[in-house]
There are 2 protein chains.
Amino acid sequence: MDHVTPGQDASGSLMYRVERPVYHEGFIQTQLLHKKERTPKSIGQRLKEQLRCSSERAKSILFGFLPILTWLPSYPVREYLFGDVVSGISTGVMQLPQGLAYAMLAAVPPVYGLYSSFYPVLLYTFFGTSRHISIGTFAVISLMIGGVAVREAPDSMFYVQVLNGTNSSTVLDTEARDARRVQVAVAVTCMVGIIQLALGMLRFGFVAIYLTEPLVRGFTTAASVHVLISQLKYLLGVKTSRFSGPLSAVYSVVAVLKDITSTNITTLLMGLVCIVFLYGVKDINDRFKKKLPVPIPGEIIVVIVLTGVSYGMQLHENYKVDVVGTIPTGLLPPVVPDLSVIPNVITDAVAIAIVAFSMGISLAKTFALKHGYRVDGNQELIALGVSNLASSFFHTFVVTASMSRSLVQESTGGKTQIAGLLASLVVLLVVLAIGFVFEPLPQTVLGAIITVNLVGMFKQLKDIPALWRTSKIELAIWLVSFIASVLLGLDYGLLVAIGFAILTVIYRTQSPKSIILGQIPDTGLYCDVEEYEEATEYKGIKIFHTNTSIYFANSELYVSALKEKTGVDPTLLLAARKSRLKKEKKRRKEKEAREQGTPQERKAVVKLDVEKGVTHELVGEAELQKNGHIAEALADSDSEETCSFLEPLSPVHSIILDFTPVNFIDSVGAKAIKSVIKEYAEIDVHVFLAGCSRNLLEHLTTLNFFGGKVSPEQVFPTIHDAVLHCQHQEAHFSDQQEGGVRGEAE
Amino acid sequence: MDHVTPGQDASGSLMYRVERPVYHEGFIQTQLLHKKERTPKSIGQRLKEQLRCSSERAKSILFGFLPILTWLPSYPVREYLFGDVVSGISTGVMQLPQGLAYAMLAAVPPVYGLYSSFYPVLLYTFFGTSRHISIGTFAVISLMIGGVAVREAPDSMFYVQVLNGTNSSTVLDTEARDARRVQVAVAVTCMVGIIQLALGMLRFGFVAIYLTEPLVRGFTTAASVHVLISQLKYLLGVKTSRFSGPLSAVYSVVAVLKDITSTNITTLLMGLVCIVFLYGVKDINDRFKKKLPVPIPGEIIVVIVLTGVSYGMQLHENYKVDVVGTIPTGLLPPVVPDLSVIPNVITDAVAIAIVAFSMGISLAKTFALKHGYRVDGNQELIALGVSNLASSFFHTFVVTASMSRSLVQESTGGKTQIAGLLASLVVLLVVLAIGFVFEPLPQTVLGAIITVNLVGMFKQLKDIPALWRTSKIELAIWLVSFIASVLLGLDYGLLVAIGFAILTVIYRTQSPKSIILGQIPDTGLYCDVEEYEEATEYKGIKIFHTNTSIYFANSELYVSALKEKTGVDPTLLLAARKSRLKKEKKRRKEKEAREQGTPQERKAVVKLDVEKGVTHELVGEAELQKNGHIAEALADSDSEETCSFLEPLSPVHSIILDFTPVNFIDSVGAKAIKSVIKEYAEIDVHVFLAGCSRNLLEHLTTLNFFGGKVSPEQVFPTIHDAVLHCQHQEAHFSDQQEGGVRGEAE
């Protein structure tokens, strides 16, 4: 009887053929489908499986926690080592100037940037799952750290009275200030490590998913603005204090502009020359990517040359150029971070932890996809957490992967984290042996390095026109993230941006597109009647489609869209009917009064009919026609009004709700749909549901949706089933009616 | 050629018949469907329409703003007036004791409760669209007001030094304190009015939708807990001060328990008697609802009787029973509220405004549905706003609809707000003439009235088991709302609850159910293969279904669920292939070394084949078979390993993504899908999309989804179309292959 055949027709095109009875859920649930029997595992069994302990399991846990064990033993020395060495040295050479520069952003003395470019990089080699990312200092994170450090140890706390002969003057004790800032930065780093480690252990790697791409790009662009503003003073050689908190960007610019007259021309010129040179090198590296064996290390060249120049010309003494200053040789002994500031910085730590992770994981995933291996988000969290936590005992600040370094590490032939290891050793060498060499390096050079590294970030401003064309909502996320982060600071900005991104999802469910569907003739396919010429509606049937699930925040919108789009509003129609009935009643009374002595019987019938009010109109009509008295009475009255009285309340007899887009429904939504079905029933409009997923049907059953006026017989697997049913029912009904009238007539 | 016929088969059941070519989007978009041409309205036209000014429009705006104009002129005096008078007096008689009692909750002297039961009720008559709700004092709102009043004017602010002969003692200046609390309450009320009015004007009535039912019920239950705790001291006659803010509930209980020894037995007994009596009356009213013409006004009886008893027995003097105290006769002249406290109470005002509105609108909608008329959410906001704002000049606190009173107003025959008007006049009469009579009323009686009114609220605790059965998520909302509101106070509690409710929506999109579909034989319908016996899969085709839209927060979950459920993971398969190729290469090299002097040609071919790596496997196989050298070489080697080398990477050749549940997609989601399609292409698995809505397709096009490896030819209108296509393609392909092999053989 039923048959479905894939096959070709005469003309050779592949045919879609389905022939089967029209199904409704009443039939499907009881006869067509049978649930598989499944014996759920007992809790005991499950626990047993969970707690099963074997050497295999232990090994897999150990290997998971220390991924180096999986790849180092089979390290193909001949194939990989050369690439890793070249890559490691290139990256290490970048770590050096960046470490010095980003320490400035983190508001700590430069040498701490070198520490941060050594310890965590070393540790990541053991714990990380990515083979190509270069862990180390990163502008955005350093800036966030710096913000906290400045807030917790502002300049104003460190003015001391200095007795200068007889007059005492107030002097900023920069040494005490910097020491305190290091303490704060290290404490934040320790906390960040703990948070990342905990999130990783708890398998919470998914938190990064809330940082959607437009959000991150808007955020990092805002961070670049902050970084650029923070570098203005170094590039100009102006001495202003650093601000933190909301509107700090504005304050900083104002402060620099106020002191613009004190610009040190030597500093400015040197900065500009560096910027032009570095930008040129960057450009050359990009252009001749394929021809150059390794990219030209512009940053280290600038650092070395200008250190030499500065030393030779005694820039610091002769031209008052600010230089890096003391860089102690050797490493510091480990110290337990000062945890007393933790309560003040806990929220910052959460923000930094998440941002750092999200930067790292997105880079790691990009490279993994490119080279066809897999990174584990949770293990990456653990790796970063361990790196930050352990290193914080050695006076480092938070690290993560940096885009620019990672690209160099990968493009110079790095195959594994052996490259990262070597890079960290390069830094160690400098710290142990020749760190002091960089003491005369002008700060403006570091400012120039930071500035040029921002160029890529600022290119993200091009997102605005691109997003404008593709998605207004994502543009809104980008802009909110950018503006909030620029104005409120990176921490609050991130919070606002995440909140906003979440709200856009709610907004999408609340601003669905509601349409009426019509069939594309002879296909069983349905589409928007307003949009497409081919879509044709059936007389008396409205198919309503809204692309959203139904729940508390949009169930009212759903119902009102339904009434508006179908043009059938039960309240209005009922009110109209009431007023018509009332008029009718009044007129008849008047007429009766005029005629005097109306038969009691007729009055009773009319009253009955009026009081029923909410009955099946068509049945009512049939009854009316059968009813001799009324027909007689009506024949007397004004024909136009009678027609309107007899008319069905609505030209629509059936409404089909397309439930294919409904992924979930809550009790509020289920109640709303149930009550709208009841409302329509009062004006004799049948409501059917089509395309419910089986999952949704089960949920509707749990919510006691079926019962009363709603039965599974009103639910159809496809729109087309429902349409066929409606047509059939209506045809059947008119037949009956005609038959009835004919019966009367005979 | 195509035909679709609704009709019946021989056995009489309605048939579903569709016969048409298999369509894909490439065909649909270019040939099947044509967009209707539409000339969008110019901005000028639209503005014109918006700004069109006519007397009709003015009239409709006026009628909208003052709904009384629509119904009062046609008020059917004969039909409605009697019911309205009975209802008005019954409600007025309830307003009196409730006004006195809820003033205690609002931490202001009782007479202000009477003012609040007059002015706003009067005003609502003119502006409200609901015919049945009874505006006036309400426990939850009064408590929230009281919380603010106590916070802004705590006892500790009003201790004054009193010189008592030679010793000075510290005494609480209750008069100054109460005056200040009234100021605060009035200021909050003014602000609430402004907020509600503004929201109404801006058509922001929809804000109430975020207060989903479980949230509101949890919240009001929590409020009842707070109310009950606040009444303990009155019922016991213990004198403790009132707390506000987080954990105030705990502090209050602790304070009362500490002073439990100072319980006034007379007060306690009187309170208990009242509670028992009131509860009995409530019960009788419920049981004999239909037989009683009007409910027994238990509250006013208790008030009158116990005022008499208290006066006669001089309870205040003889038994130290706390009584209501001074009730001035007459009204106070209007005063502009003290706006200086506004900055401190703005957030409270927002919370109170929204809660008050949401209570009002939900009751109004219930009655409107029951009686078949319509209430306008925005006009209700305006009505409440005007009532609160204007009344605040006359020393009232915030009002809204009360469930208990509204039920009485409706059940005693109230048809319109004429009943509300009369109720307010009853209150006015008392205020003007006999207010002082209630001065000896013991406070414990009011406590009893409040307590008994809470019974209904506490019944909401039954929601917990009911929600446990129907929806765990909604239970979570209920519990979070309840617990947060009890512990953090009503304001923060509400905030937390709303935040949580919004997050549940996100959670629902992130915890979708992923399933593999199979066809119910010969129906073109597809359902879960794990769940249903009838669902059958096709060899080599996996149909993946997840009930969610795809966007930033779940696109990764989507992709990993896809890989897990289909059992086809490109990374793993590619890695396996790589290692197989490597082994193969090694073995051949060894073999060649053993054989010595291998032909250069053969080596080259093998190398070519190995380096291609990521080519079409089946084509590769065919090529291999055609290639004489290789076939020879392979014949020599270990047959088992060769088989695994020749095997297609995955037994699945096609994956169909069911996109019917995808209501929206963002750029992150589109990228994720596109990249997974590419990944699968590398292991020769074709991915098809089925059931995209036209809206989604347009969006995908804007997001540049099509292009590269993804074409509209991969998109099918239904799953069945896609399945037929896959089967056809596969069959066609194997035919060709066989043909090819045969060709070689011949």
Side-chain angles (χ1 to χ4, degrees), chain A residues 2-4 6 13-22 32-36 209-210 212-213 372 374 470-471 474 502 505-506 508 513 520 522-525 527-528 531-534 547-548 551-553 556 571 574 660-661 663-664 666-668 693-695 702-703 717 720-721 724 727-728, chain B residues 2-4 6 13-22 32-36 209-210 212-213 372 374 470-471 474 502 505-506 508 513 520 522-525 527-528 531-534 547-548 551-553 556 571 574 660-661 663-664 666-668 693-695 702-703 717 720-721 724 727-728:
Chain A
D2 311 342
H3 77 166
V4 183
S13 63
L14 181 63
M15 292 302 289
Y16 174 109
R17 263 188 221 109
V18 175
E19 186 171 0
R20 58 169 171 80
V22 167
L32 190 64
L33 283 182
H34 299 92
K35 282 213 171 188
K36 280 186 185 167
I209 57 179
Y210 291 106
T212 172
E213 206 186 328
R374 209 189 273 209
T470 57
S471 169
E474 291 181 52
I502 290 178
V505 180
I506 304 288
R508 284 189 201 252
K513 207 182 166 192
I520 308 172
D522 303 332
T523 59
L525 302 176
C527 68
D528 189 355
E531 194 87 8
Y532 296 99
E533 281 177 15
E534 285 77 10
N547 59 339
T548 178
Y551 67 102
F552 65 86
E556 278 186 39
T571 323
L574 269 182
T660 42
N663 295 323
F664 60 85
D666 68 356
S667 67
V668 177
S693 72
R694 306 225 64 79
N695 192 21
T702 331
L703 289 170
H720 200 54
D721 282 279
L724 294 175
Q727 286 183 316
H728 177 71
Chain B
D2 311 344
H3 75 168
V4 182
S13 63
L14 182 63
M15 292 302 288
Y16 174 111
R17 265 187 217 109
V18 175
E19 186 170 1
R20 57 169 171 81
V22 167
L32 190 65
L33 282 182
H34 298 92
K35 281 215 175 189
K36 282 186 184 168
I209 56 180
Y210 292 105
T212 172
E213 207 186 326
R374 206 188 273 209
T470 56
S471 168
E474 292 182 49
I502 289 177
V505 180
I506 304 289
R508 283 189 200 252
K513 206 181 166 192
I520 308 172
D522 303 331
T523 60
L525 301 176
C527 68
D528 189 355
E531 193 86 8
Y532 297 98
E533 282 177 14
E534 285 77 9
N547 58 341
T548 178
Y551 67 103
F552 64 86
E556 278 186 36
T571 324
L574 269 182
T660 44
N663 295 322
F664 59 85
D666 67 357
S667 66
V668 178
S693 72
R694 304 226 65 77
N695 192 21
T702 331
L703 289 170
H720 199 54
D721 281 279
L724 294 176
Q727 287 182 314
H728 177 70

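A, B, ... follow the sequence lines: proteins, then strands. Residue 1 opens every chain. Values in this document were obtained by computation on a predicted structure and should not be read as measured data.
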Most chain B-contacting option - heavy-atom pairs closer than 4.5 Å, from A/Thr470, A/Val22, A/Ile520: A/Val22
Trace of the side chain to side chain contact (heavy atoms under 4.5 Å, CB included) decision for B/Phe552 with A/Val505: CA-CA 10 Å; B/Phe552 64 86; A/Val505 180; 4.2 Å; yes
Rounded distance (nearest 0.5 Å) linking atom CG of A/Asn663 with atom CG of B/Asn663: 5.5 Å
Closest contact, heavy atoms only, B/Asp522 versus A/Arg20: O-CB, 4.1 Å
Region of B/Glu474 in contact with chain A, defined by heavy-atom distances below 4.5 Å: side chain
Option in B/Ser667, B/Cys527, B/Pro717 with maximal non-hydrogen atom pairs under 4.5 Å from chain A: B/Ser667
Side chain, backbone, both or neither of A/Glu556 within contact of chain B (heavy atoms, under 4.5 Å): side chain
Exercise: identify the closest heavy-atom pair between A/Val18 and B/Thr523: CG1-O, 3.5 Å
A/Tyr532 and B/Arg694 side chains, donor-acceptor separation under 3.5 Å: yes
Taking every non-hydrogen atom, the tightest pair across A/Leu703 and B/Ser471: CD2-CB, 4.5 Å
Under 4.5 Å from a heavy atom of chain B, the part of A/Leu525 involved: side chain
Option among A/Glu533, A/Glu531, A/Glu534 that satisfies the side chain to side chain donor-acceptor pair (under 3.5 Å) test with B/His34: A/Glu534
Which portion of A/Asp721 sits near chain B, non-hydrogen atoms under 4.5 angstrom: both
Side-chain heavy-atom pair A/Thr548, B/Phe664 within 4.5 angstrom cut-off: no
